[in-house]
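Before any comments, here is the structure.
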Amino acid sequence: MRATPCLSRGFLGRSIDELKRLSNIALKLEGIKGPSGPYELHSFRSPQSLDTCKVLSDVDIGGFSTANLDWIPSQSSSDRVPPSQSATGYARFHGTISTQLPKDRPDIKRSGYAAWRTQDQQSTLFGRSLWNIDPYAYLALRVKSDGRSYLVNVQTESVVPTDLHQHRLFSKRPGEWETILIKWNDFVRTNHGFVVEPQTEILRQKVRTIGVGLTDRVPGPYELCIERIWATNDLGEASGVDEFVFREGELKNKQGQKITWGDK
C-alpha cells in the first residue's frame with residue numbers, strides 16, 4: 001500500500017511545526033496580551049536557508065543583469081554580525097545591473113533589475129503556511145549594504161497576485177552591519193513597478209513572501225549582505241536612529257510623480 005503525497009515527511013513536518021507555533025501562541029495568551037518577543041520570518045544562519053529562496057533578474061525577459069545569492073560563513077572578526085551571537089553565516093546578494101536591451105525583443109522597453117525573495121510557503125494540515133505579522137509594528141532586517149537604492153518587497157494573499165508592497169531599504173552606515181526597521185504601515189502597494197490607487201494596507205494576517213530587489217537601473221556591480229529578517233515591536237533594535245528624513249525614490253505613480261519615502 002503506497003502512502004499518499006499529503007502524508008509525506010515534509011508535509012507532516014510542516015504541519016507539526018505549525019501546530020507547535022499555534023500552540024505556543026495559545027499557551028502564552030499572545031492573542032490577548034500581544035506577542036512576547038520578535039517573530040523571525042527568515043534567517044540565513046545556515047547554508048540550507050538558501051533552499052527556500054528564489055533569485056530573479058531581467059534575464060527572464062532577455063536582459064543582461066546578473067543576480068546571485070550565496071551563503072557566507074561567519075569566520076573572521078570582520079564577518080561577525082553582532083549582536084546576533086548565535087549567527088553562523090549570512091547571505092550575500094550580489095551581481096551586476098545592466099540596462100542593455102535585448103536586440104531580438106522590440107517589445108522590451110526597459111530592463112535593469114535584480115531581486116531575491118523567499119519561496120511560496122507550502123501547505124500544512126492547517127492550510128497554507130502564511131506569516132501573521134498583525135501583532136507587530138515593524139519589519140526588521142539585519143544587513144550590510146553598499147548604499148544602493150534597494151527595495152524591500154512583501155507579497156500577500158492579495159486578490160491581485162502581482163501586487164507587491166514595497167519600501168526603500170535605507171542604509172545609514174553603508175559597508176557596516178546594521179539593523180534597519182520599517183513600519184509595516186509605511187509600505188506602498190505597487191504593481192509592475194507603479195504605485196496602485198487606491199492604496200490598501202498590507203494583508204497582515206496573510207504574508208506569503210518577503211525579499212529585496214534593486215530597480216534603480218544604475219549600471220554596475222551591487223552587493224547586499226543579509227543575516228536575518230523578523231517582525232518586532234521593539235524600536236530599540238534599530239541601529240542609529242536619527243532625525244526623520246524624506247528621500248525621493250524611483251517608484252512612480254500613474255501621473256509619473258516619484259514617491260517620497262520617510263527613512264524611519
Side-chain angles (χ1 to χ4, degrees), residues 38 40-45 49 53 55-57 65-72 74 76-84 87 89-97 112-118 137-154 164-188 190 193 210-232 234-251 258-264:
E40 188 165 273
L41 303 180
H42 196 77
S43 168
F44 286 106
R45 291 169 178 158
S49 59
C53 293
V55 177
L56 311 160
S57 76
S65 299
T66 61
N68 305 278
L69 192 65
D70 304 327
W71 188 77
I72 310 296
S74 298
S76 67
S77 58
S78 61
D79 284 338
R80 298 297 180 187
V81 283
S84 304
Y90 56 89
R92 177 175 173 250
F93 174 54
H94 65 102
T96 303
I97 293 296
Y113 69 85
W116 71 270
R117 69 168 176 85
T118 55
Y138 302 98
L139 172 68
L141 303 96
R142 186 69 178 167
V143 300
K144 181 170 66 174
S145 174
D146 57 7
R148 293 190 63 154
S149 301
Y150 296 93
L151 288 170
V152 180
N153 302 318
V154 177
L164 285 177
H165 284 82
Q166 299 184 298
H167 197 285
R168 272 283 305 275
L169 181 65
F170 288 108
S171 174
K172 298 179 184 296
R173 299 199 304 268
E176 299 180 20
W177 284 100
E178 58 186 322
T179 300
I180 298 174
L181 265 59
I182 303 172
K183 288 183 179 179
W184 287 110
N185 288 340
D186 287 348
F187 277 82
V188 176
T190 68
I210 192 163
V212 176
L214 183 61
T215 60
D216 61 4
R217 304 188 72 247
V218 177
Y222 65 88
E223 179 179 285
L224 177 74
C225 297
I226 316 105
E227 183 218 340
R228 65 188 183 104
I229 303 173
W230 68 101
T232 184
D234 186 3
L235 184 59
E237 292 190 74
S239 303
V241 178
D242 300 322
E243 61 184 80
F244 199 98
V245 178
F246 288 101
R247 306 184 195 181
E248 193 177 69
E250 66 271 14
L251 283 178
K258 289 187 176 181
I259 298 300
T260 300
W261 305 90
D263 71 349
K264 267 183 163 182

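Between the Thr118 side chain and the Ile210 main chain, a donor and an acceptor come within less than 3.5 Å of each other. No side-chain donor-acceptor contact under 3.5 Å links Gln166 to the backbone of Leu151. Arg148 contributes no side-chain N or O that, together with a main-chain N or O of Leu224, makes up a donor-acceptor pair within less than 3.5 Å.
Side chains of Thr179 and Glu237: a donor-acceptor N/O pair is absent below 3.5 angstrom, by distance only.
Partners of Arg92 by salt bridge (Lys or Arg N to Asp or Glu O under 4.0 Å), not counting sequence neighbours, listed by chain and number: Glu223. The ring-ring contact (aromatic ring centres under 6.0 Å, His included) search around Tyr138 returns none, not counting sequence neighbours. Residues satisfying the side chain to side chain contact (heavy atoms under 4.5 Å, CB included) criterion with Ala91, sequence neighbours excluded, are Phe44, Leu50, Leu69.
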Chi angles and distances behind the side-chain contact (heavy atoms from CB on, under 4.5 Å) call for Tyr113, Leu214:
CA-CA 6 Å; Tyr113 69 85; Leu214 183 61; over 6 Å; no
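Classification of Arg45 and Glu227 as a salt-bridged pair holds, one side-chain N sitting under 4.0 Å from a carboxylate O.
Contact annotation: the side chain of Ile180 approaches that of Val143 to within less than 4.5 Å [non-hydrogen atoms, C-beta and beyond].
Aromatic ring centres of Tyr90 and Trp177: separated by under 6.0 Å.
With values rounded to the nearest 0.5 angstrom, Leu141 atom CG is found 5.0 Å from Ile229 atom CD1.
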